[in-house]
Asks: 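Have a look at this one.
Read the numbers this way: they start at 1 and go in the same order the structure lists the ligands and their atoms. For the numbers below, each heavy atom of this structure counts, side chains included, while hydrogens, waters and symmetry mates do not. When a residue number appears, it is its place in the shown sequence, counting from 1. As the structure is a prediction and not an experimental result, all values here were calculated from the model.
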Amino acid sequence: MRKTVVITGGNSGIGLSMAHELARMGATVCLACRDQGKAAAARDEILQRTPGAQVELYKLDLSSFAAIHAFVQAFAQRHDRLDALINNAGAVPIRQQFTQDGFELQFGGNYLGPFLLTHLLLPLLQVAADEGGPGQGDARIVHLSSIAHNLGRIELDTAKGRKPYRVLPAYAQSKLGNLMFSHTLARKLPAGITSQAMHPGGVASPIYRELPRWQYALMRPFLIGPERPGKLAAELAIGAQRRGENGGYFSIQHPRIVSSTAKDLALQEALYKQSCVWADVEPLPEQVRTRQAVKPA
Ligand SMILES: NC(=O)c1ccc[n+]([C@@H]2O[C@H](COP(=O)([O-])OP(=O)(O)OC[C@H]3O[C@@H](n4cnc5c(N)ncnc54)[C@H](OP(=O)(O)O)[C@@H]3O)[C@@H](O)[C@H]2O)c1
């Protein structure tokens with residue numbers, strides 16, 4: 001059966017690379033993007049490289065709770081199940097900006113938006129998870145975190161703004177949030193749905209477009225192309241060899257180090273509970289399963 005995969009921000013960089021790979025693997029690739037022009041260009045590129053690929057375009061702006069609800073409604077009108085969600089979209093604004101709901105943009109768009117999106121898509125993931133009997137199926141969530149999570153601290157009082165705003169602590173907190181959410185889901189999700197996170201390496205992509213030119217020029221020699229992380233994300237999402245793996249953190253190019261903060265269960269729980277309040281979602285029940293050891297990548 002053809003797998004259905006949602007990629008947020010699949011029009012560019014690592015997201016586009018995983019879209020190519022998933023199309024090659026025969027999945028229905030759903031690009032959830034804020035810019036429909038860029039999304040259409042990405043679809044054309046995918047179809048050129050993989051003729052006959054199934055590619056669907058959706059409008060999704062993760063910096064608006066209303067837009068996230070609208071996306072899930074539109075998606076559910078076309079699909080009654082979802083095999084994999086890849087929370088890929090992310091941004092690094094140099095100046096402080098805010099989401100439509102009043103959160104600092106990196107916290108709100110990189111972390112809290114995907115948090116809400118994931119909760120809203122769980123019923124469709126559950127359908128895939130229950131195929132063949134309760135919990136016997138295979139549904140997966142993949143989160144694009146970063147090695148930068150190691151620099152992050154969870155400071156809930158910065159969620160609605162930082163004074164002063166510095167780009168790196170804000171980015172690092174959002175990527176730490178992604179990893180902690182992945183770990184929390186891995187403990188709480190019912191059988192049949194798994195949650196994994198990855199650092200894609202330092203990747204040459206438009207995410208660095210707001211950096212001063214000289215700074216990007218210094219970094220550029222150390223950046224890799226988006227192909228390897230794209231392949232890994234696609235494999236984590238639907239690869240048969242990854243079936244059942246849960247709670248892992250993978251890293252390309254750099255050491256696979258999970259910070260002690262990311263492993264702090266009490267902090268994971270505090271962040272989770274507060275995020276449920278902010279995103280206005282029902283918390284998942286208390287721990288239902290343990291994480292399984294996974295191979296490093
Ligand atoms: N590149 C790296 O070195 C690196 C390292 C570690 C982690 N990561 C993570 O990898 C992920 C992908 O990054 P990338 O390097 O591929 O960057 P990218 O090429 O800039 O792609 C990011 C994607 O996210 C989309 N996006 C940003 N904000 C959004 C929002 N509010 N709503 C919907 N879509 C939004 C962008 O849309 P537009 O095209 O419209 O801007 C774009 O499609 C990010 O989560 C990033 O944090 C990247």
Asks: Could you tell me whether some N/O pair between G109 and ligand 1 is separated by less than 3.5 angstrom?
Replies: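 G109 vs ligand 1: no N/O contact under 3.5 Å.
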Asks: Can you pull out the closest protein heavy atom to atom 47 (O) of ligand 1? Residue, atom name and distance to 0.1 Å, please.
Replies: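 The answer is Y171 OH, 2.7 Å.
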Asks: With respect to atom 30 (C) of ligand 1, which of L62, I147, L117, T8 exhibits the smallest heavy-atom separation?
Replies: L62
Asks: With a 4.0 Å cut-off on heavy atoms, does G13 reach ligand 1?
Replies: yes
Asks: So among Q106, Q96, Q97, which one has a side-chain hydrogen bond (donor to acceptor under 3.5 Å, both in side chains) with Y165?
Replies: Q106
Asks: I'd like to know if P229 contacts ligand 1, where contact means a heavy-atom distance under 4.0 Å to any ligand atom.
Replies: no
Asks: At the 4.0 Å heavy-atom cut-off, does G201 count as touching ligand 1?
Replies: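 G201: in contact with ligand 1 (<4.0 Å).
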Asks: Would you check whether H199 has a nitrogen or oxygen atom less than 3.5 angstrom from a nitrogen or oxygen atom of ligand 1?
Replies: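 Among all N and O atoms of H199, none is under 3.5 Å from an N or O of ligand 1.
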Asks: Do the non-hydrogen side-chain atoms of N87 and N178 ever get within less than 4.5 Å of each other?
Replies: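 Side-chain contact under 4.5 Å: no.
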Asks: Where is the nearest protein heavy atom to atom 7 (C) of ligand 1: which residue, which atom, and how far?
Replies: S145 O, 3.2 Å
Asks: Any heavy atom of C33 closer to ligand 1 than 4.0 angstrom?
Replies: no
Asks: Can you see whether S182 engages Y249 through a side-chain donor-acceptor pair at a distance of less than 3.5 angstrom?
Replies: no
Asks: For atom 14 (P) of ligand 1, what's the nearest protein heavy atom and its distance?
Replies: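 Closest protein heavy atom to atom 14 (P) of ligand 1: S205 OG, 3.3 Å.
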Asks: For I14 and ligand 1, does the shortest N/O to N/O distance drop below 3.5 Å?
Replies: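 Checking ligand 1 against I14, an N or O pair does fall under 3.5 Å apart.
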Asks: Any side-chain donor paired with an acceptor under 3.5 Å for R228 and Q253?
Replies: no
Asks: Anything under 30° is parallel, anything over 60° is perpendicular, the rest tilted; go ahead and classify H119 against F115.
Replies: tilted
Asks: Considering only protein heavy atoms, which is closest to atom 33 (C) of ligand 1, and at what distance to one decimal place?
Replies: L60 O, 3.3 Å
Asks: Parallel under 30°, tilted from 30 to 60°, perpendicular over 60°: which one fits the rings of F103 and W278?
Replies: perpendicular
Asks: Take atom CZ of R213 as the centre, draw a 6.0 Å sphere, and report whether it contains more than 12 heavy atoms from other residues, nucleotides or ligands.
Replies: no
Asks: Give me the nearest non-hydrogen protein atom to atom 12 (C) of ligand 1 as residue plus atom name, then the distance to 0.1 Å.
Replies: N88 OD1, 3.2 Å
Asks: Nearest protein heavy-atom contact for atom 43 (O) of ligand 1: which residue, which atom, what distance?
Replies: N11 OD1, 2.8 Å
Asks: Given K188 and E269, is the salt bridge (charged side-chain N to carboxylate O under 4.0 Å, His left out) satisfied, shown in steps?
Replies: CA-CA 11 Å; K188 288 177 183 280; E269 204 53 29; 3.0 Å; yes
Asks: Check V142, T8, V6 against N88 for a side chain to side chain contact (heavy atoms under 4.5 Å, CB included) and give me the one that passes.
Replies: T8
Asks: Test salt bridge (charged side-chain N to carboxylate O under 4.0 Å, His left out) on E210 and R95; report intermediate values, then the result.
Replies: CA-CA 9 Å; E210 289 190 27; R95 285 187 193 77; 5.6 Å; no
Asks: Between the side chains of H20 and T50, does any donor sit under 3.5 Å from an acceptor?
Replies: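 Per modelled atom types, H20 and T50 side chains form no pair under 3.5 Å.
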Asks: Should D61 be listed as contacting ligand 1, given a heavy-atom distance under 4.0 Å as the test?
Replies: yes
Asks: Quick one: look up the protein heavy atom nearest atom 20 (O) of ligand 1 and list residue, atom name and how far away it is.
Replies: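 Of the protein heavy atoms, I207 N, 3.2 Å lies nearest.
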Asks: Between E227 and K231, is the salt bridge (charged side-chain N to carboxylate O under 4.0 Å, His left out) condition met? List the steps.
Replies: CA-CA 6 Å; E227 296 79 15; K231 259 194 175 146; over 6 Å; no
Asks: My understanding is that we take every heavy atom of each candidate and find the minimum distance to atom 6 (C) of ligand 1. Doing that for G9, G202, A67, S146, which one comes out nearest?
Replies: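 Among G9, G202, A67, S146, the closest heavy atom to atom 6 (C) of ligand 1 belongs to S146.
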Asks: Got an N/O contact under 3.5 Å between V203 and ligand 1?
Replies: yes
Asks: Check each of S17, S12, G90 against atom 22 (C) of ligand 1 and report the one with the nearest heavy atom.
Replies: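 Going through S17, S12, G90 one by one, G90 has the nearest heavy atom to atom 22 (C) of ligand 1.
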Asks: Please report which non-hydrogen protein atom sits nearest to atom 40 (O) of ligand 1, along with the residue it belongs to and the distance in Å to one decimal place.
Replies: R34 NE, 3.0 Å
